[in-house]
Amino acid sequence: MSKIYDIGIAHQKIIRDKRAETDKQNLFGSYWSELDLDLKKSVVREIDLHSAAKMIIEYEWLGCMPAVNFYAYGIFFNNVCGGVVVFGQEYTENLGVWDKYDYTGKILLLSRGVCLHWTPINTNSKLIMSAVKMLPEKYKIVTATTDHLAGEIGTIYQACNFYYVGSMRENNPNVNGKKMNREAWMINGKLIGSRNIRQKIGTQKMEDILKVYPDAVKVKQNSKHRYFLFTGTKRENAYHKEKIQKLILPYPKRK
């Protein structure tokens, strides 16, 4: 049975709506109205990470690119980019987390993705699935995470037939046998996790964080939920799916 989450509107939806209003006042007018927005005629191609970052930073909940990025793809209408998706290293792969699933060396993280407000319905689905087909053959598993604090339940991943497993985070005891909480900071209305705070200022020390963000407040961070897509042969997909079969859950729904 699907879980129902009362988590509000997704952050990217809020930003797209704001940009739609702002763009009405654009000196160049609604430039997209002159484009052929037939999704069948759109083109997905690899782009440089710098170009992808411009769009990601403006629209994404975390407001930054991941620390390690490998590939970026954009979807174009009459050579105008309407969305981007970025893939990079799965955060915990170098810790051996995926060894027991035999995913190490085969897994890639879909870390960021954005489509602009004027793009047609299903643009993000086409972008993701087309980009996945362009990835190097060695990658057999694509994973993605969602953050309920950003209003995300993974609607796009559901549309692309990813498998949902919820939170996979294990309870890691510290030296005293107590559960360790994930640290995060609420800054300018956004929840910034420990990895991203290190990326932004190079440390997790509260005194250093307050020097840069005087209003930062440390809070407990919820575990992100995870989706998987298998991209190999039929036999490979069956093998990799079997490794997480017991973890697969019904898709979550938005209240």
Side-chain angles (χ1 to χ4, degrees), residues 10-12 15-16 42-76 80-98 103-116 119 123-147 149-150 152 154 156-157 160 162 168-169 182 184-185 187 190-204 212 221 223-232:
H11 173 76
Q12 280 200 29
I15 298 299
R16 283 197 301 270
S42 64
V43 176
V44 176
R45 62 174 182 260
E46 188 168 6
I47 61 174
D48 63 273
L49 291 168
H50 179 72
S51 296
K54 293 179 180 179
M55 196 175 295
I56 293 295
I57 291 171
E58 181 176 359
Y59 277 79
E60 263 283 351
W61 166 249
L62 294 174
C64 65
M65 288 282 278
V68 181
N69 309 289
F70 295 157
Y71 312 101
Y73 301 87
I75 187 165
F76 293 82
V80 175
C81 187
V84 299
V85 63
V86 177
F87 298 86
Q89 183 180 37
E90 208 294 319
Y91 301 128
T92 59
E93 186 174 13
N94 60 354
L95 301 177
V97 170
W98 301 107
Y103 286 3
T104 303
K106 310 174 189 177
I107 192 169
L108 195 63
L109 177 68
L110 194 168
S111 56
R112 299 287 192 272
V114 168
C115 282
L116 302 186
T119 54
T123 296
N124 39 17
S125 299
K126 178 175 180 178
L127 172 58
I128 288 174
M129 297 311 292
S130 298
V132 164
K133 293 177 182 178
M134 298 180 189
L135 293 171
E137 190 176 350
K138 69 175 182 177
Y139 296 111
K140 308 297 182 180
I141 304 106
V142 172
T143 188
T145 61
T146 59
D147 189 341
L149 289 170
E152 300 169 349
I156 180 56
Y157 305 128
C160 293
F162 280 60
M168 295 181 70
R169 184 175 178 82
R182 299 178 67 195
W185 291 263
I187 299 173
K190 293 184 178 181
L191 190 74
I192 308 299
S194 56
R195 183 179 296 106
N196 286 287
I197 204 72
R198 287 196 303 272
Q199 182 182 344
K200 286 176 179 292
I201 64 174
T203 179
Q204 289 181 233
V212 181
Q221 185 179 8
S223 294
K224 293 182 179 180
H225 289 207
R226 190 177 289 273
Y227 286 82
F228 290 95
L229 180 70
F230 304 114
T231 63

Calculate, to the nearest 0.5 Å, the distance between atoms [atom1] and [atom2] belonging to [X] and [Y] respectively.
X	Y	atom1	atom2	answer
Y71	I47	OH	CD1	15.0 Å
N124	I75	CG	CD1	9.0 Å
W98	I141	CH2	CD1	9.0 Å
F228	Y103	CZ	OH	5.5 Å
Q204	I197	CD	CD1	8.5 Å

Query raised in the report: Taking only residues at least two apart or on different chains, which pairs with a member in residues 45-54 satisfy salt bridge (Lys or Arg N to Asp or Glu O under 4.0 Å)?
Result: none
Query raised in the report: Could you give all pairs that pass the salt bridge (Lys or Arg N to Asp or Glu O under 4.0 Å) test and reach residues 126-146, with sequence neighbours left out?
Result: K140-E236
Report task. Determine yes or no for a side-chain-to-main-chain donor-acceptor pair under 3.5 angstrom, with E93 supplying the side chain and G105 the backbone. Result -> yes
Of the non-hydrogen atoms in [X] and [Y], which two are nearest, and what is the gap between them?
X	Y	result
E152	T145	OE1-O, 4.4 Å
A52	V86	CB-CG2, 4.0 Å
I56	R112	CD1-CB, 3.5 Å
A144	L109	CA-CD1, 4.2 Å
A72	L49	CB-CD2, 3.7 Å
G83	M55	CA-SD, 3.8 Å

Report summary line: With sequence neighbours left out, the residues meeting salt bridge (charged side-chain N to carboxylate O under 4.0 Å, His left out) with E90 are R226
Report summary line: Residues at least two apart in sequence or cross-chain that pass ring pair (Phe, Tyr, Trp, His ring centres under 6.0 Å) with F162, listed by chain then number, are Y157
Can you list everything that forms a side chain to side chain contact (heavy atoms under 4.5 Å, CB included) with [X]? Sequence neighbours excluded, please.
X	value
T231	V132, V142, L229
V97	T92, L95
A131	Y73, V85, F87

**Report entry** Min side-chain heavy-atom separation L135-F70 under 4.5 Å
**Finding:** no
Query raised in the report: Heavy-atom distance under 4.5 Å between the side chains of C115 and L127, does that happen here?
Result: yes
**Report entry** Step-by-step side-chain contact (heavy atoms from CB on, under 4.5 Å) determination, V44 to M129
**Finding:** CA-CA 10 Å; V44 176; M129 297 311 292; over 6 Å; no
Query - side-chain hydrogen bond (donor to acceptor under 3.5 Å, both in side chains) involving S125 - partner list, sequence neighbours excluded - result: none
Query - Set of side-chain hydrogen bond (donor to acceptor under 3.5 Å, both in side chains) partners for Y227, sequence neighbours left out - result: Q158
